[in-house]
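Residues take their numbers from the sequence shown, with the count starting at 1.
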Amino acid sequence: MPPISLQAMLHGLYNTTVEFFALRNPISSGDQSFGSIDSNTREQLDATDHRSRDTNLSHMRRGFDSITNQLAHSQGEVARLEERCRGLEKALKGAREMLEAKEADLQRLRSLESTRSEGSKNVLTRTGSGSSSILEEQQARSQSNEIFMTRIDSWSGQQVIQAVLDLNSEIIQFATSAIELCTFDQNNFGSPEAMQDTSARLSPNFANLLSARERNMQDPTLVGLALQAGVATCIARAMTGFALGLPTRAETTLSQVYSHIFYAEPQPTSSRWRALTHRHVHTLYPGLAEYSAEELRETICRWTSDILVAACATHESTSRKWIRETFGEQVGRMVKAVVAFAQICKEGIMSTNFDIIMVEPNQTFDERVMVDAFGDYGSSRGAVLATTELGLRRMTRRAIGGREEDGTVEHQILVRPKVILDSVNTAFT
């Protein structure tokens, strides 16, 4: 091996040393590159963090709004449920009061029958076996009356009252819709026949008020009242009978028989007789209910047409066909309510009698049994012109001193009929 010079060795050592320190200490350009990378990364991370905070805040706001809406909806549901609960509590209270009254009547009837049975036994003891038929008759009467008194009414008194109020609302809506859609012609002088029929159904004074053509064109309020009175009168007269749709002779006979039983027998006996007879009448004549409903519907349309003709409405607004097509649904609802009310009151209520009532024209106003429709606008005076809203009366026969033969009939007006008086002339003339 040739000898290595000292200069070559020193040069190699130098190069080795430089390379060693170069590896131990990176160059400054590399530091700048890594610093630049770290700064860009930091800016990206800061931007990402800011966007993340905005996104979370947006999600939180949407969640808060959703919770607020759900809370408002829940509060509304709670309010509706509370209102329904109050209504149910009120109905329950009425049912309890009715049951308590029925229990009191039943206890009184049982006491009466017990007294009669003891008296019959004493008579049997004194007279011997020849009077055994009297005791058997008394026992049979007691058992039958107990069955009558333990029957539960289908509707409470509050439900019956509400049914009448709902029917009055339907009548008002029908009259309001009619005057809104009808037109009146000052040159139309109406029909003498329609005027005569309206006078007979309502009153001559009311029919004369309807003939003011110019006023009806400007303010048809009186025409609306006449329509209310016509429908209310039609329904009240239909409800006075024993059963809807019966022929006149059969209707008169059954009404007289029931009236006699009502004043001669205990309340449960007359109510049960009425319920059984009413039910069997419809069993023997299955089409009677449908016929009576159609007859009542047609009568309401005919009376409405005559009133509009008397009020000088145009021919297009007075035809029965137009009335049936335009207001058929409203008239159908009223008729359906009347039929259901009649069935419940005549077949489903044993403890008392409920009757729809109205006030006949020309009667003197009495605030105890009627309400003036314009009472808020002045003093109520004069005679009744017509009834615009139906009333409700309850009649119950009660024994005096435990003696059914000495019973008395209690009358109570639960809903006072609303009337207009002849003093209304000054307001519409």
Side-chain angles (χ1 to χ4, degrees), residues 155 157-176 178-179 198-210 221-241 255 259 262 296 299-300 303-304 307 334 337-338 341-342 345 349 352-396 408-429:
W155 280 10
Q158 184 62 37
Q159 287 177 303
V160 176
I161 293 174
Q162 188 61 48
V164 175
L165 297 178
D166 292 341
L167 181 58
N168 285 330
S169 298
E170 290 285 352
I171 295 174
I172 294 173
Q173 293 177 10
F174 167 73
T176 304
I179 62 175
T198 302
S199 299
R201 294 161 186 164
L202 301 181
S203 67
N205 294 335
F206 206 166
N208 291 332
L209 285 176
L210 290 175
T221 302
L222 188 63
V223 181
L225 293 174
L227 291 175
Q228 286 182 231
V231 176
T233 302
C234 180
I235 292 174
R237 292 181 180 177
M239 289 290 293
T240 56
S255 296
S259 178
F262 176 74
L296 181 58
T299 302
I300 291 175
W303 286 26
T304 300
I307 291 173
M334 289 188 291
V338 170
F341 184 88
C345 290
I349 295 179
T352 187
N353 286 8
F354 289 106
D355 299 314
I356 283 182
I357 58 174
M358 57 168 288
V359 182
E360 294 294 337
N362 300 323
Q363 291 191 21
T364 304
F365 177 76
D366 186 355
E367 64 179 3
R368 295 173 300 177
V369 295
M370 61 190 77
V371 179
D372 182 10
F374 293 91
D376 296 336
Y377 301 96
S379 60
S380 301
R381 55 182 177 83
V384 173
L385 194 63
T387 301
T388 58
E389 293 185 28
L390 298 168
L392 180 66
R393 178 183 61 197
R394 181 175 65 186
M395 296 175 57
T396 308
T408 182
V409 177
E410 297 179 355
H411 297 261
Q412 184 180 8
I413 304 297
L414 302 179
V415 178
R416 292 182 294 170
K418 185 171 291 187
V419 300
I420 54 177
L421 307 178
D422 56 8
S423 58
V424 78
N425 292 342
T426 59
F428 288 97
T429 56

For the residue pair Thr364 and Asp366, establish whether any side-chain heavy-atom pair is separated by less than 4.5 Å. no
Would a 4.5 Å heavy-atom cut-off, applied to side chains only, mark Phe341 and Leu167 as touching? no
To the closest 0.5 Å, what do you measure between CZ (Phe365) and CG (Asp372)? 5.0 Å
Just by modelled atom types, is the Gly230 backbone N or O under 3.5 Å from a matching donor or acceptor in the Thr233 side chain? no
Looking only at non-hydrogen atoms, find the nearest pair between Asp422 and Arg381 and report the distance. OD1-O, 4.1 Å
Value for CZ (Phe206) from OG1 (Thr198), rounded to nearest 0.5 Å, stands at 10.0 Å
Between Ser259 (side chain only) and Ser255 (backbone N and O only), is there a donor and an acceptor less than 3.5 Å apart? no
Measuring from Leu225:CG to Ile172:CD1, what's the distance to the nearest 0.5 Å? 9.5 Å
Sub-4.5 Å side-chain heavy-atom contact between Phe374 and Ile420: yes
How close do Arg237 and Ala200 get, counting heavy atoms only, and between which atoms? NH2-O, 4.4 Å
For Ala175 against Gly224, the heavy-atom pair lying closest together: CB-O, 3.5 Å
Write down the atom of Leu210, the atom of Leu222, and the distance for their closest heavy-atom approach. CD2-O, 4.1 Å
When you compare the side chain of Asp355 with that of Met395, does any pair of heavy atoms fall below 4.5 Å? yes
Might you confirm whether atom CD of Glu367 has over 12 heavy atoms from other residues, nucleotides or ligands at distances under 6.0 Å? no
Considering only heavy atoms from C-beta outward, does the side chain of Leu385 approach that of Leu209 to under 4.5 Å? yes
Suppose we screen for salt bridge (Lys or Arg N to Asp or Glu O under 4.0 Å). Which residues come up paired with Glu410, at least two apart in sequence or across chains? Arg398
Nearest heavy-atom contact between Met370 and Arg416 is O-NH1, 3.6 Å
For the residue pair Asn362 and Val384, establish whether any side-chain heavy-atom pair is separated by less than 4.5 Å. no
Non-hydrogen atoms of Gln228 and Glu389 that approach each other most closely: NE2-CG, 4.3 Å
Report yes or no: does Thr387 contribute a side-chain atom to a donor-acceptor pair with the main-chain N or O of Val359 at less than 3.5 Å? yes
Chi angles and distances behind the side chain to side chain contact (heavy atoms under 4.5 Å, CB included) call for Thr304, Phe174: CA-CA 10 Å; Thr304 300; Phe174 167 73; 3.6 Å; yes
Among Leu165, Leu390, Val160, Val371, whose side-chain contact (heavy atoms from CB on, under 4.5 Å) with Val415 holds? Leu165
Ile413 side, atom CD1; Leu392 side, atom CG - distance, nearest 0.5 Å: 8.0 Å
Leu296 side chain reached by Cys234 side chain, heavy atoms, under 4.5 Å: yes
Straight-line distance of Leu414 CG to Gln158 CD, nearest 0.5 Å: 9.5 Å
Non-hydrogen side-chain atoms of Ile171 and Ile235 separated by less than 4.5 Å: yes
Calculate, to the nearest 0.5 Å, the distance between atoms CD1 and OG1 belonging to Ile357 and Thr240 respectively. 12.5 Å
